[in-house]
Amino acid sequence: MSQFVYVTYIYAPPQQVWDAITKPEFARRYWMHYNVSDWKPGSRWEHRHGDDSGKVLIEGAVVEADPPRRLVMTWTRPDHSKEPSRVTFDIVDYAPGLICLTVTHDRLENDPAMASSISGGWPKVLSNLKSLLETGRTENIWLTKNKEG
Amino acid sequence: MANSSFVYVSYIRTTQQELWDALTKPEFQRRYWFGMHQESDWKAGSPWAMKFGDGRTADAGEVVEIDPPKRLVLKWRNEFRPELKEEGFSRCVYDFEPDGDIVRLTIIHTIDRDAAKFIEAVAGGWPRVLSSLKSMLETGEPMARTHSAPQT
């Protein structure tokens, strides 16, 4: 698999969805992990575990940042054992109060293990994000029995 | 073998039975499926059809396999767009897996041909329908009917 795409529609303002992706205290609520960066093109970003260790699970570079509409970044494990893949978030107004969020994770040709891991992970993360923004409730998604993430 | 497929997984705070009812009962379907509903007696081998609000048939086929409230397999062909209808029958598999307070819903929609226009069409439709379904089950309110794609 070279590309994974997930589309979800969320009743939330675009800025709130942007903040949910880029602000650590927000991301920890539904991702259980968080992202750290100054979100400027060319800057480094890190995807860290939400527990006390703050372990870096994924890292890369910010390729494009156009808040609150589009964020593109490279995505690789800290050991850099494979070519980085790439993640693009697109946030589009769909109807009054309703946005369409598309996550495109591509350049996965050379890393089947990553392709499998993110195919399980994104639906959990993005389902939980929608639940949080619409209901205020979340699940500890990585404790569920389907552990592909 | 040549084929095209669309896969979507959603985690929804609900029960397997509630999700099953939402997917198979017309009174629920009309609320989140943008006014559309399905007609079937939900037995293996029985006819199945998806209807627009005005009664026209959008899609039709048959129930291939049914195991409430866990699994449903439909034979499914578009009936209202000739270029999609000519691609023939697809297969749509629904799986519902409970996990604590949530149910993992998996949809796998496949057709035996490469680069199928039908799969491209359902890849646009399923995220809208399933986002609307998740909102309805978790908040009580589905996506508004006007938020569906234009239907021709």
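Lettering of chains follows the sequences in order, A, B, ..., and the numbering in each one begins at 1.
- In terms of heavy-atom proximity, A:Thr8 sits nearest to B:Ser131 at OG1-OG, 3.5 Å.
- Heavy-atom contacts from other residues, nucleotides or ligands closer than 6.0 Å to CZ of A:Arg29 number 12 or fewer.
- Counting heavy-atom neighbours within 6.0 Å of A:Asp52 CG, excluding the residue itself, gives a total of 12 or less.
- Residues B:Tyr11 and A:Pro123 form a side-chain contact, since some pair of their non-hydrogen atoms from C-beta on lies under 4.5 Å apart.
- Using a 4.5 Å heavy-atom cutoff, the side chains of A:Lys130 and B:Lys134 are in contact.
- Linking Ile, Leu, Val, Met, Phe, Trp and Tyr whenever their side-chain heavy atoms come within less than 4.5 Å puts B:Met50 and B:Trp42 in one cluster.
- Other residues, nucleotides and ligands place no more than 12 heavy atoms under 6.0 Å from the CD atom of B:Glu120.
- Residues B:Ser10 and A:Tyr6 meet the side-chain proximity criterion, which asks for heavy atoms closer than 4.5 Å.
- More than 12 heavy-atom neighbours from other residues, nucleotides or ligands sit within 6.0 angstrom of CD on B:Glu39.
- In the displayed structure, A:Arg137 atom CZ is contacted under 6.0 Å by at most 12 heavy atoms of other residues, nucleotides or ligands.
- Note that CD of A:Glu134 is 7.5 Å distant from CD of B:Glu138, once rounded to the nearest 0.5 Å.
- Looking at A:Thr138, only its backbone comes within 4.5 Å of chain B, counting heavy atoms on both sides.
- Taken from OH in A:Tyr11 to OG in B:Ser135, the straight-line distance is 6.5 Å, to the nearest 0.5 Å.
- Taking CE of B:Met143 as the start and OH of A:Tyr9 as the end, the distance is 6.5 Å to the nearest 0.5 Å.
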